[in-house]
Amino acid sequence: SVVAVLGCGMVSSSTAMLCTYPLNLIRTRLQASGMPGAIAYTSAAHVFRETLAAQGPRGLYAGIIPNLLKVLPATSISYAVFDFIDRSNKTASQQRPPPPDDSEKVMPTSRVSGRQPTLA
């Protein structure tokens, strides 16, 4: 059902985001470290250590709620559209007639000689 597919999309994208969000946070902070007013970090490990020291483990997930609210609907809809298209393709392929049997097919005559070519 569509509801089950939407639910699976939400669960999978939430799981993926929970696993990867700390790395995205570290990347974002490294990218912003050269900006005026931002902390200057020297490496990913430096960002990790400073974040843990200042905010604890929860600091690695700072800002995850807005990201989940942005990503969950998009991922769920993508799952539902993919499932709909996949089911439509399977239904359409089952309704197609079988391909014709080519064993009785006669080869066209040659335009030059007027004879049928022979298969070697």
Participant: Are Val71 and Ile65 linked, directly or through other ILVMFWY residues, by side chains that come within less than 4.5 angstrom of each other?
Facilitator: yes
Participant: Scan residues 44-60 for pairs that pass salt bridge (Lys or Arg N to Asp or Glu O under 4.0 Å), counting only residues two or more places apart or in two chains.
Facilitator: none
Participant: With a cutoff of under 4.5 Å between side-chain heavy atoms, which Ile, Leu, Val, Met, Phe, Trp and Tyr residues group with Ile85?
Facilitator: Ile77, Val81, Phe84
Participant: Please set out all donor-acceptor pairs under 3.5 angstrom arising from side-chain atoms of residues 17-27, sequence neighbours excluded.
Facilitator:
residue : atom : partner : partner atom : Å
Thr20   : OG1  : Ala16   : O            : 2.9
Tyr21   : OH   : Ala62   : O            : 2.8
Tyr21   : OH   : Gly63   : O            : 3.3
Tyr21   : OH   : Asn67   : ND2          : 3.4

Participant: So which pairs with a foot in residues 68-92 pass salt bridge (Lys or Arg N to Asp or Glu O under 4.0 Å), sequence neighbours left out?
Facilitator: Asp83-Arg87, Asp86-Lys90
Participant: So, for Ala38 and Ala32, which heavy atoms are closest and what is the spacing to 0.1 Å?
Facilitator: CB-O, 3.2 Å
Participant: So if you build clusters from Ile, Leu, Val, Met, Phe, Trp, Tyr with side-chain heavy-atom gaps below 4.5 Å, do Leu69 and Tyr61 land together?
Facilitator: yes
Participant: Under the rule for side chain to side chain contact (heavy atoms under 4.5 Å, CB included), what residues qualify as partners of Gln55, not counting sequence neighbours?
Facilitator: Arg29, Thr51
Participant: Could you tabulate the donor-acceptor pairs under 3.5 Å formed by side-chain atoms of residues 4-15, not counting sequence neighbours?
Facilitator:
residue : atom : partner : partner atom : Å
Ser12   : OG   : Cys8    : O            : 3.2
Ser12   : OG   : Gly9    : O            : 3.1
Ser12   : OG   : Tyr79   : OH           : 2.9
Ser13   : OG   : Gly9    : O            : 2.9
Ser13   : OG   : Met10   : O            : 3.3
Ser14   : OG   : Met10   : O            : 2.7
Thr15   : OG1  : Val11   : O            : 2.8

